[in-house]
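Structure, as structure tokens:
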2 protein chains.
Amino acid sequence: MQPRTHVTLEDVARAADVSLATASRALNGMRVTPQLRDRVLAAAAQLAYTPNAHARALAGASHRTVGVICHDVTDPYFAAVAGGVMRVAGANDLLVMLASTFRDPEREIAYVSMLRAERAPAILLIGSGFEDARWERAMEAELKPYLDGGGRVAVVSRHRSLKLDSVLPENRAGAAAMARALLELGHRRFAVLSGPRALTTVTDRLGGFRDELAAAGVTLDPAAVVEGPFTRDGGYQAMTELLARGLDATCVFALTDVMAIGAYAALRDHGLSVPGDVSVAGFDDIPIVRDLTPPLTTVALPLQQLGEKAMEMALTENTGRRRRILRMAGEVVVRASTAKLGA
Amino acid sequence: MQPRTHVTLEDVARAADVSLATASRALNGMRVTPQLRDRVLAAAAQLAYTPNAHARALAGASHRTVGVICHDVTDPYFAAVAGGVMRVAGANDLLVMLASTFRDPEREIAYVSMLRAERAPAILLIGSGFEDARWERAMEAELKPYLDGGGRVAVVSRHRSLKLDSVLPENRAGAAAMARALLELGHRRFAVLSGPRALTTVTDRLGGFRDELAAAGVTLDPAAVVEGPFTRDGGYQAMTELLARGLDATCVFALTDVMAIGAYAALRDHGLSVPGDVSVAGFDDIPIVRDLTPPLTTVALPLQQLGEKAMEMALTENTGRRRRILRMAGEVVVRASTAKLGA
DNA sequence: CACGCTCCTGAATGCGCTTTCAGTAAGCGC
DNA sequence: GCGCTTACTGAAAGCGCATTCAGGAGCGTG
């Protein structure tokens, strides 16, 4: 912004005919004669004065705006978690600024760097990190000095190589529980709509699911696991691919509700009914899946709480020696998208 | 953040054994002997130096972070528009920070004030303003000096009393077009799921719909217009209320897709089918409504574009004398949630 | 009535950086 | 080899504010 003339504290002081120091004190609620205070306040209002946040920060005042970085604000999962963050932040009189990287590591680093440069009191990272050594190093290089400088960082479902305070959904256990639920319904032949393998979320959910099946003597055919981006269209395409390969599964597990939504559409476009022809299950329990037809069976994560707890973590100092990890369990919610086999 | 020791430019300069000025120039890509530049860059990397954004801004460098303020990031409408903003911001090498007010006027003002204090190069306001004189005055008091100071502001579907560059969806015409489409299907008895009357969006959509019906000789029974918040649950309750009153409409027009989603649920819970028993239409065309069962008939707004155009407006200077207004038309998309009457 | 104390005000300093201004070294022609 | 131009470097100022330090007015006590 081309700084044309800005009203400064000096202008206010002059208008109120007091010293700069007095003006500053009056504006910041320190002890000043009521009469002087009024004069200063009036002058400030009159001139539409806004303190320059930069000058103020530079002179030692501290910030009340925390930064939240997620992959994609457009994704209901992130929106819900961010909502939780904002709830707690609001209760603590903090403002929050949300950044969306659209899954671009460069941009993610840029945001962290910016937040660091602005000396934000806390940074929250939401969503799996990119499993890429270069990214990890860059991230570490940003975060380490930020933490050393007194910054607070908390993370939701983030790569574990970054040693940060974390809120971790129990992806593995949740997927395992889902496997059990589906087995109980009589299913034995499964397909999986998977996300990018580089994400720990994927490793965990897929692994938990597969292992639990294996424990029950059921093997998951590698050809029945299709990978796609964690988006609605990713789910659509993965499902379509599965269908093209000649799906012989009775049940499809989407690693993410958003992908399940795409799967619904693909199935419908192929004239297949859910759960009549194929059962579908998801993961996350984003709000909209209750309103799908049929309502989606899924592993319900306390999305809001994920954000709330992360914010709380960032707000309280870690007095212990080790990083804090809060695991949040997911719960299988059986809705109408999964049917008993043979029923 | 408790500023413990931070690495400053001076530290870097000392480590590289050059002057402060040289270090600054080297880091900012100005002409410096390559050898010196390397030494400075190496020292900076070594020390994990991040320039203090506040000091930098104070000294005259300009910001690359624009602010976007919306009502609720959790609402797909805002998410989609924000997505558009971010697309063009990214293309222009800008970062964007998104704030969510959760419909709290106080918080909205606080965010604008913060952005102003930080001398952000642009502020985008997304969503209807609060029609409240106090709010309006406060907003004006914030924005006026911001604009005078060279800040750029653009607005999407915002109250018209604020004289700002705007991108305006043609709510009135869109609702009228929807009325025509529904009349054409043979419907004559309508109900409306409305939002808070204080929002111009509501006035326009409701007015456009009602007037167009009137032009066709059909009156909209005031008792058939139920008001609720612009949320899924708002839609659910409004629909429930309508049902309790003894709905005799053949077609329900929700002023917002999100409300229509709630209406679907309420209808389903009452054992009514869409469009068998009642036709339902919405407004906005948020992405998810294509995946509803049945897919929702709605007025499709170019949501992404709304954001893109607003960002572009904020990026280009207004050379003219008057504020710029870009009207964006909506288009009726008939899907399966509306049926021909008697078919 | 004089002295000491408290409380408030104003001048001055520094936060970390960019940028102007002046100075020095290098490069060139004669 | 000398003087001049060119190119880069370093010292210093200043961005707007919070805050320390010292001085001054007002009050109470002996």
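Within every chain, numbering begins at 1; the chains are lettered A, B, ... in the order of the sequence lines, protein sequences first and strands thereafter.
Atom-to-atom, CE of B/Met30 to C1' of D/dA7 comes out at 13 Å; the value is rounded to the nearest Å. For B/His6 and C/dC15, the NE2 to C1' distance is 12 Å, given to the nearest whole Å. Atom-to-atom, CG of B/Leu58 to C1' of D/dA13 comes out at 13 Å; the value is rounded to the nearest Å. At whole-Å resolution of the value, CZ in B/Arg56 and C1' in D/dG14 are 18 Å apart. Rounding to whole angstrom units, CG of residue B/Asp11 and C1' of C/dC15 are separated by 13 Å. Rounding to whole angstrom units, CD of residue B/Glu10 and P of D/dA12 are separated by 13 Å. Computed from coordinates, the A/Tyr49 OH to D/dC17 P distance equals 3 Å when rounded to whole Å. Spacing between atom CG of A/Leu27 and atom C1' of D/dG16 amounts to 13 Å, rounded to whole angstrom units.
Between B/Thr33 and the phosphate of D/dA7, there is no side-chain N or O to OP1/OP2 separation shorter than 4.0 Å. Checking the phosphate oxygens (OP1, OP2) of C/dC8, no side-chain nitrogen or oxygen of A/Thr22 falls inside 4.0 Å. Checking the phosphate oxygens (OP1, OP2) of D/dA18, a side-chain nitrogen or oxygen of A/Asn28 falls inside 4.0 Å. Using a 4.0 Å cut-off, no side-chain N or O of B/Ser24 falls inside it from OP1 or OP2 of C/dC17.
Looking at which nucleotide of DNA chain C each of A/Val18 and B/Asn52 is closest to, the 5′-most match is held by A/Val18. When each of B/Ser19 and A/Pro51 is assigned the nucleotide of DNA chain D bearing its nearest heavy atom, the one mapping closer to the 5' terminus is B/Ser19.
Using a 4.0 Å heavy-atom cutoff across all strands shown, B/Leu9 reaches at least one base atom of the nucleic acid. Within the 4.0 angstrom heavy-atom criterion, only backbone atoms of the sugar-phosphate kind lie near B/Leu36; the bases stay farther away. Looking at heavy-atom distances under 4.0 Å, B/Thr8 makes contact with sugar-phosphate atoms alone, never a base.
Nearest heavy-atom pair, B/Leu27 versus B/Leu41, reported as atom, atom and distance to 0.1 Å: CD2-CD1, 3.7 Å. Contact between B/Val7 and B/Tyr49 at its shortest, heavy atoms only, is O-CD1, 3.6 Å.
Remark: the backbone N or O of B/Asp17 is paired with a side-chain donor or acceptor of B/Arg39 at under 3.5 angstrom.
Residue B/Ala21 places its side chain closer to C/dT19 than to any other of C/dG10, C/dC17, C/dT19.
One can find a donor-acceptor pair under 3.5 Å joining the base of C/dG10 and the side-chain atoms of A/Arg25.
More than 12 non-hydrogen atoms from other residues, nucleotides or ligands lie less than 6.0 angstrom from CZ of A/Arg324.
Aromatic ring orientation, A/His71 versus A/Phe78: perpendicular (interplanar angle above 60°, classes split at 30° and 60°).
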